[in-house]
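Following: one structure in structure tokens, then a few remarks.
Worth saying up front: this structure is predicted, and the values here are computed from it rather than measured.
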Amino acid sequence: MPDSQKREHIRYRIFEILEVRTGTVDYAARIYDCVYLITIIINLTVSIMHTYESYRLKYGDLLLLIENITVALFCVDYILRLFTAKYMYPESKGPRAVRKYIFSFTGIIDMLSFLPYYLPIFFPSGAVAFRLLRVMRVFRLFRINAYYNSFKLITEVLNSKRQQLFSSVFTILILMLASSLCMYSLEHEAQPEVFTNAFSGIWWAASTLLTVGYGDIYPITTLGKLFGIFITFLGVGMVAIPTGIISAGFVDQYSRIKRMSEYGQEADVHFIKIHLTARDPWVKKSIAQLHLPERVIIAVVLRNHHALVPKGNLVLHEDDILVLAAESFQDKEHIRLKEIILQKNNPWNGQRIRDLDISRHSVIVLVKRKERVMIPNGNLILREGDMVILYSEMRIANVTEIEI
């Protein structure tokens with residue numbers, strides 16, 4: 001085996017070990033996951049023990065040594081993930097894949113879990129707050145990506161209702177300022193050391209309007225108490241506004257998803273996006289030279305965030321995104337795909353496709369793994385969480401046998 005292939009094989013093997021795996025027989029990956037989790041727990045335990053003065057005085061040097069070792073392991077893990085980023089983001093090239101990981105949510109968490117420890121000048125007081133970020137690394141071991149769609153739904157709701165949320169929060173801030181000014185006027189003479197200026201009542205207004213009520217600042221005059229009661233009632237209603245907006249957003253999103261699932265099959269025209277790479281034969285060809293099937297058209301060409309009208313003389317480039325449109329085939333029975341999401345106890349986990357016990361009247365047409373869509377071949381090993389899509393004779397009209 002050439003040295004370059006050997007290096008790539010080692011890099012891919014490191015990627016397989018770094019990735020969290022459950023339900024597989026990769027013992028090296030399992031051992032790494034256990035060591036990784038133990039390292040996080042030890043690091044957090046040391047951070048907690050360091051806050052106790054008795055432990056710090058008695059075991060200070062030992063705690064510091066353990067923290068040095070665990071943080072160094074976090075740093076090594078981050079470097080290895082940079083080294084294997086090309087396999088983490090196979091759709092991107094080397095430098096782009098590394099950059100994509102660095103600026104991803106998990107990449108930022110991984111970096112901040114060790115970087116403040118080595119750069120105390122830029123992160124004062126040892127960046128104790130950044131130690132909490134190490135807890136978030138545990139979620140990698142619990143396969144939080146399995147719930148990605150749920151988190152994505154939350155983001156979509158907040159994004160769609162951002163204007164209403166901003167308006168409600170702005171109203172609450174204005175009300176807090178007005179309440180602080182009014183309470184200062186009512187309480188300054190009775191409590192000059194508490195309500196010293198117009199802004200000293202901001203803390204009282206925040207705890208009252210948000211119905212927290214810490215009780216460290218409170219009115220003592222009759223008018224101040226009456227005004228406080230009024231603000232408390234008003235605060236209950238004001239805090240309920242953002243809650244109602246978010247709840248309505250969730251209802252709208254779930255209703256939209258339900259409508260799409262119910263009526264999606266009735267569309268007359270279907271669209272699909274295709275990302276051109278250097279290996280695609282369409283690159284450097286004009287649209288007129290593609291000879292697309294009848295009733296299939298290129299609706300739009302996306303290039304460098306610009307939408308181009310697909311004229312016949314338009315030459316396609318690498319990294320272009322084509323939006324193809326096709327008329328729905330008029331048939332009484334639609335071609336239906338069977339989707340199978342492999343769970344932990346599925347017997348297909350860890351099996352090669354050619355070794356599966358599948359009827360000759362069925363065929364796996366594609367496998368979706370996280371955000372990556374793969375064309376199946378006999379050597380592809382299925383994993384937990386994969387979405388396997390099948391064609392079956394029972395699901396295709398007028399088909400008696402599938403030829404493999």
Rounded to the nearest 0.5 Å, how far apart are NE2 of H291 and NZ of K285? 7.5 Å

How many angstroms lie between NE2 in H9 and CD1 in I14, if you round to the nearest 0.5 Å? 10.5 Å

Might you work through the side-chain contact (heavy atoms from CB on, under 4.5 Å) test for I298 and L290, ending with a clear yes or no? CA-CA 10 Å; I298 298 179; L290 299 184; 3.6 Å; yes

Grab the two heavy atoms, one from V157 and one from I246, that are nearest each other, plus how far apart they are. CG1-O, 3.8 Å

For the atom pair CD1 (I172) and CG (L209), what is the distance rounded to the nearest 0.5 Å? 7.5 Å

Kindly indicate, with the supporting measurements, whether the criterion side-chain contact (heavy atoms from CB on, under 4.5 Å) is fulfilled by D320 and W282. CA-CA 10 Å; D320 282 353; W282 286 6; over 6 Å; no

Any donor and acceptor pair, going by atom type alone, linking the side chain of N68 with main-chain N or O of L64 inside 3.5 Å? yes

Near Y89 OH, under 6.0 Å, is it more than 12 heavy atoms from other residues, nucleotides or ligands? yes

Check P219 against E187 and note the closest heavy-atom contact, atom names and distance. CB-OE2, 3.3 Å

Kindly give the heavy-atom pair with the smallest separation between A97 and K86, and that separation in Å. CB-CA, 3.8 Å

Any side-chain heavy-atom pair from L175 and T171 closer than 4.5 angstrom? no

Decide yes or no for L18 and R81: does some side-chain heavy atom of the first lie under 4.5 Å from some side-chain heavy atom of the second? yes

How close do L382 and W348 get, heavy atom to heavy atom, and via which atoms? CB-O, 3.7 Å

So which atom in P376 and which in V365 form the shortest heavy-atom distance, rounded to 0.1 Å? CD-O, 3.2 Å

Would a 4.5 Å heavy-atom cut-off, applied to side chains only, mark I202 and Y184 as touching? no

Please tell me if the side chains of L316 and V283 come closer than 4.5 Å, counting only heavy atoms from C-beta onward. no

Residues passing the salt bridge (Lys or Arg N to Asp or Glu O under 4.0 Å) test with R369, sequence neighbours excluded, are D386

Do you know which of I79, D110, N43 makes side-chain contact (heavy atoms from CB on, under 4.5 Å) with F74? N43

I want to check something: taking the side chain as every heavy atom from C-beta on, are L173 and M176 in contact at a cut-off of under 4.5 Å? yes

CZ of R352 to CG of N379, rounded to nearest 0.5 Å, is 5.5 Å

Check: Q351 and I381 side chains under 4.5 Å, non-hydrogen atoms: no

Would you mind listing every salt bridge (charged side-chain N to carboxylate O under 4.0 Å, His left out) that reaches into residues 159-168, with sequence neighbours excluded? K161-D252

Find the distance between OG1 (T221) and CZ (F227) and round it off to the nearest 0.5 Å. 11.0 Å

Donor-acceptor under 3.5 Å (N349 side chain, E384 main chain): yes

If you count every heavy atom of other residues, nucleotides or ligands that lies below 6.0 Å from D61 atom CG, does the total exceed 12? no

Examine Y101 together with F83 and report whether their ring centres are nearer than 6.0 Å. no

Which class fits the ring pair Y12 and Y87: parallel under 30°, tilted 30 to 60°, perpendicular over 60°? perpendicular

Trace of the side-chain contact (heavy atoms from CB on, under 4.5 Å) decision for S179 with W204: CA-CA 9 Å; S179 301; W204 169 84; 4.1 Å; yes

Short side-chain to backbone donor-acceptor contact, D280 and T277, under 3.5 Å: yes

Supply the atom-to-atom distance S168 OG to Q164 CD, rounded to the nearest 0.5 angstrom. 8.5 Å

Between Y218 and T208, is the side-chain contact (heavy atoms from CB on, under 4.5 Å) condition met? List the steps. CA-CA 9 Å; Y218 54 88; T208 303; over 6 Å; no

Checking Y59 now: which residues fulfil side chain to side chain donor-acceptor pair (under 3.5 Å) with it, not counting sequence neighbours? none

Please give me the minimum heavy-atom distance between A205 and S180, naming the atom from each residue. CB-N, 4.4 Å

Hey, does the side chain of T196 reach the backbone of E193 with a donor-acceptor pair shorter than 3.5 angstrom? no

